[in-house]
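Written below as structure tokens is the structure these notes are about.
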Amino acid sequence: MNLANQIKLNIEKYPDMRLLFDDQVITYSQLWDAAARVRQGLNDLGVQPGDRVAIQLPKCLEFLYTHLANLQLGSITIPLNPAFTREEIAYFLADSRAKVFVTDASHADFAQPESPEFPELKHVVITDSNTGPVSFDSLLAAQPDQTACPAQSNDTALIIYTSGTTGRSKGAMLSQANLLATINTLHDIWGHSAQDVLLHVLPIFHVHGLIFAFHGALNAGMEMIIHTKFYPVTTLAAIDKYHCTVFMGVPTMYHRLLQIPNPKQYNLSSMRLWISGSAPLSTTTFEHFQQVFGQTVLERYGMSETGINTSNPLNGVRKPGSVGLPLPGVAMRIVDPTGKDVKPGEVGEVLIKGKNVFQGYWQMPDKTAESFIDDWFKTGDLGYQDSDGYLFLVGRSKDLIISGGMNVYPKEIEALLETNPAVLEAAVIGVPDDDLGERVVAVVVPKPGQTIDLTALTALCQAKLAGYKRPKNIYEIEALPRNTMGKVMKSHLRSKYKV
Ligand code: MLC
């Protein structure tokens with residue numbers, strides 16, 4: 001079985017099940033039919049199974065049609081954050097060797113088919129204008145191809161770019177089998193059913209919004225209320241209006257829901273499951289949510305490379321500060337720096353093995369090899385298991401900031417800041433932030449005799465980096481604190497610049 005053929009069974013079982021996409025209503029059968037048209041349209045452009053189709057669009061139906069078309073055809077979706085800048089997109093198009101780029105008019109001008117920058121890019125499809133090289137409407141006008149999806153379990157279905165610790169983004173390849181394993185397990189452990197109504201407020205360019213939420217809902221035959229963006233008040237109003245039962249969000253969203261004055265004016269009694277992931281949920285937010293909303297958030301732990309690894313139970317104790325127990329089919333070990341298992345209760349790096357674990361990084365066999373010990377994936381997260389087996393994450397072995405559920409790798413930003421001729425070196429850190437969990441802060445050291453123009457540095461970040469990666473503050477310092485080995489002591493900087 002592949003993902004498209006499994007989803008198709010539900011489309012046939014619940015053809016009239018609805019997605020309410022802002023003010024548009026679309027049924028499962030209309031969604032699948034539109035995707036089948038786009039599948040044929042892509043095929044007419046020369047897209048074959050295994051070809052990459054990059055999508056950079058805001059959250060919209062065209063995104064979902066194209067992604068489902070890829071699933072049906074056996075081609076590979078490369079979802080890209082609409083906030084990515086030209087430089088960021090150019091890298092992804094070139095690195096993935098995408099054959100087709102589906103985007104809107106605002107991003108179409110630079111990506112010319114078969115330009116020397118992207119020799120393998122054959123077509124740019126524009127969703128919101130008929131002036132582009134290929135209009136999305138022309139794809140939708142094709143005859144639907146309803147034949148079974150030819151993909152095999154080991155075929156790649158999705159490449160998710162994750163920023164790299166060395167600054168170069170890596171494309172995590174997820175196979176049909178990986179995606180199926182994840183959604184089938186979630187279906188069972190979270191008790192999803194066609195009686196559920198999912199409120200979907202997450203971005204769809206990440207596994208959280210695309211796989212866990214959207215695929216998970218289709219796989220259960222859920223009705224979906226889809227908002228293009230997260231707005232706290234609109235979220236509560238939608239739960240009340242549509243009797244939603246399931247919500248998936250990042251901790252920042254829970255924090256913001258708690259800022260709403262008088263949330264009791266909304267009837268939220270239909271809700272059975274508030275799920276949090278992508279970043280650590282503070283025990284303060286967990287407990288505050290219980291007090292205000294009378295519901296216990298279910299925290300789980302996942303990543304692009306592995307889907308979901310652990311979850312607090314649907315029925316049973318949801319421990320504050322813990323990401324729960326390993327999922328059925330997911331093996332977990334906690335090891336010391338030499339790769340030996342630590343004693344129960346001791347902190348070590350979390351390793352994961354299972355059908356959920358990705359195939360490797362696109363065209364980066366060395367990086368892939370470095371990410372595994374034997375066939376165990378090294379998550380880079382540090383944690384321990386309590387006597388009941390619950391996992392508590394306490395830190396990271398790699399230099400990573402998670403801001404509002406988005407991963408930010410300091411190296412990428414440091415390298416950019418160091419391109420400024422007055423900057424000798426830069427250190428980028430995450431400092432605690434009530435709203436975002438961690439806030440990106442940069443510290444820069446001037447070259448001898450030079451003055452750093454901080455406004456110019458801010459402008460540089462604005463031009464080259466998606467908004468969530470941009471430092472919220474940039475500080476100048478005479479020298480970076482280093483240990484005796486010469487390594488920058490980021491923990492010192494984190495305490496110094498903590499607000
Ligand atoms: C937006 N901004 C951020 C930001 N998101 N800054 C820091 N961190 C973030 N995460 C900035 C914008 O650049 C902009 O800056 C300003 O905030 C307002 O932009 P916005 O678009 O209006 O943002 P907002 O709606 O407030 O978004 C916050 C958010 C969003 C938390 C709702 O970031 C979000 O949806 N996060 C979820 C990410 C997610 O899905 N992660 C899953 C990864 S998968 P300016 O300067 O222009 O004003 C994964 C695996 C797993 O991790 O297990 O789930």
Side-chain angles (χ1 to χ4, degrees), residues 58-59 79-85 88 158 160-163 172 174 178-179 182 185-186 199-216 226-235 247-257 259 275-281 285 298-311 323-324 327 330 350 352 356-358 379-381 391 393 396 400-409 413 428 430-442 458-459 461-474:
K59 196 172 177 183
L80 299 170
N81 186 338
F84 282 148
T85 62
E88 289 165 321
L158 185 67
I160 297 269
Y161 274 91
T162 64
S163 295
L174 291 157
N178 296 147
L179 300 181
T182 293
T185 307
L186 297 186
L199 177 57
H200 192 305
V201 300
L202 288 156
I204 47 177
F205 50 80
H206 271 308
V207 289
H208 195 166
L210 189 61
I211 309 303
F212 312 153
F214 177 65
H215 285 191
I226 304 184
H227 293 176
T228 48
K229 228 171 136 337
F230 169 71
Y231 296 105
V233 169
T234 318
T235 293
F247 177 82
M248 295 188 197
V250 298
T252 301
M253 294 174 180
Y254 287 98
H255 177 80
R256 292 185 187 177
L257 288 174
Q259 312 306 309
I275 302 169
S276 177
S278 307
L281 181 72
T285 304
L298 180 150
E299 188 176 6
R300 55 75 185 170
Y301 160 52
M303 52 204 309
S304 299
E305 287 90 339
T306 62
I308 294 190
N309 304 320
T310 70
S311 171
V323 290
L327 300 192
V330 177
V350 179
I352 296 291
N356 53 316
V357 175
F358 77 138
T379 62
D381 290 313
L391 178 66
L393 295 175
R396 296 167 204 135
L400 165 71
I401 301 167
I402 306 183
S403 168
M406 305 288 282
N407 287 3
V408 180
Y409 281 87
I413 300 151
V428 170
V431 300
D433 184 279
D434 285 346
D435 182 45
L436 295 170
E438 287 183 294
R439 190 156 44 94
V440 178
V441 165
T458 305
C461 293
Q462 224 143 23
K464 305 277 185 186
L465 298 173
Y468 70 93
K469 297 182 197 169
R470 290 177 207 146
K472 304 284 183 208
N473 313 86
I474 305 181

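Just the heavy atoms: all of them, side chains too, but no hydrogens, waters or symmetry mates, feed the values below. In listed order, ligands and their atoms are each counted from 1.
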Which ligand 1 atoms are under 4.0 Å away from a heavy-atom of [X]?
{"X": "V207", "result": "44 (S), 50 (C)"}
{"X": "L202", "result": "40 (O)"}
{"X": "F212", "result": "51 (C), 53 (O), 54 (O)"}
{"X": "K229", "result": "20 (P), 21 (O), 22 (O), 23 (O), 24 (P), 25 (O)"}
{"X": "T252", "result": "31 (C)"}
{"X": "L436", "result": "7 (C), 8 (N)"}
{"X": "G467", "result": "13 (O)"}
{"X": "M253", "result": "32 (C), 35 (O)"}

Non-hydrogen atoms of [X] versus ligand 1: any pair closer than 4.0 Å?
{"X": "R439", "result": "no"}
{"X": "G209", "result": "no"}
{"X": "K469", "result": "no"}

Look only at interatomic distance and state if [X] has a nitrogen or oxygen under 3.5 Å from any nitrogen or oxygen of ligand 1.
{"X": "G302", "value": "yes"}
{"X": "R300", "value": "yes"}
{"X": "R256", "value": "yes"}
{"X": "Y301", "value": "no"}
{"X": "S403", "value": "yes"}
{"X": "R470", "value": "no"}
{"X": "F230", "value": "no"}

For [atom], which protein heavy atom lies nearest, and how many Å away is it?
{"atom": "atom 41 (N) of ligand 1", "answer": "G405 O, 2.9 Å"}
{"atom": "atom 15 (O) of ligand 1", "answer": "K472 NZ, 4.7 Å"}
{"atom": "atom 34 (C) of ligand 1", "answer": "G404 O, 4.1 Å"}
{"atom": "atom 5 (N) of ligand 1", "answer": "Y468 CB, 4.1 Å"}
{"atom": "atom 38 (C) of ligand 1", "answer": "M406 SD, 3.3 Å"}
{"atom": "atom 54 (O) of ligand 1", "answer": "S278 OG, 2.6 Å"}
{"atom": "atom 35 (O) of ligand 1", "answer": "P203 CD, 3.4 Å"}

Verify [atom]: protein non-hydrogen atom under 4.0 angstrom away:
{"atom": "atom 48 (O) of ligand 1", "result": "no"}
{"atom": "atom 12 (C) of ligand 1", "result": "no"}
{"atom": "atom 43 (C) of ligand 1", "result": "yes"}
{"atom": "atom 51 (C) of ligand 1", "result": "yes"}
{"atom": "atom 19 (O) of ligand 1", "result": "no"}
{"atom": "atom 1 (C) of ligand 1", "result": "no"}

inquiry  = Strictly below 4.0 Å, N to O, side chains only: are K469 and E88 in salt-bridge contact?
reply    =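 Here K469 pairs with E88 in a salt bridge, since their nearest N and O are under 4.0 Å apart.
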message = Heavy-atom pairs closer than 4.0 Å: do any link ligand 1 to the side chain of M303, the backbone, both, or neither?
response =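 Only the backbone of M303 comes within reach of ligand 1.
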message = Looking only at the aromatic ring of each residue, does the gap between the centers of F205 and F84 stay below 6.0 angstrom?
response =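 No, they do not, as the ring centres are separated by 6.0 Å or more.
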Between [atom1] on residue [X] and [atom2] on residue [Y], distance to nearest 0.5 Å:
{"X": "S276", "Y": "L298", "atom1": "OG", "atom2": "CG", "answer": "9.0 Å"}
{"X": "H206", "Y": "S278", "atom1": "NE2", "atom2": "OG", "answer": "8.0 Å"}
{"X": "H255", "Y": "D435", "atom1": "NE2", "atom2": "CG", "answer": "5.0 Å"}

Please give me the minimum heavy-atom distance between [X] and [Y], naming the atom from each residue.
{"X": "N407", "Y": "Y468", "result": "O-CE1, 3.7 Å"}
{"X": "P471", "Y": "C461", "result": "CD-SG, 3.8 Å"}
{"X": "I160", "Y": "P79", "result": "CD1-CG, 3.8 Å"}

Residue pair [X] / [Y], side-chain heavy-atom distance below 4.5 Å:
{"X": "V357", "Y": "N178", "value": "no"}
{"X": "T306", "Y": "Y301", "value": "no"}
{"X": "T235", "Y": "L199", "value": "yes"}
{"X": "L186", "Y": "I211", "value": "no"}

query = Do the side-chain N and O atoms of N309 and R300 include a donor-acceptor pair separated by under 3.5 angstrom?
reply =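 R300 and N309 do not have a side-chain donor-acceptor pair below 3.5 Å.
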[X] (side chain) donor-acceptor with [Y] (main chain) under 3.5 angstrom:
{"X": "R470", "Y": "L465", "value": "yes"}
{"X": "K59", "Y": "L202", "value": "yes"}
{"X": "T310", "Y": "V323", "value": "yes"}
{"X": "E305", "Y": "T379", "value": "no"}

ask   = Counting only heavy atoms not in D434, do more than 12 fall under 6.0 Å of its CG?
value =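 No, not enclosed.
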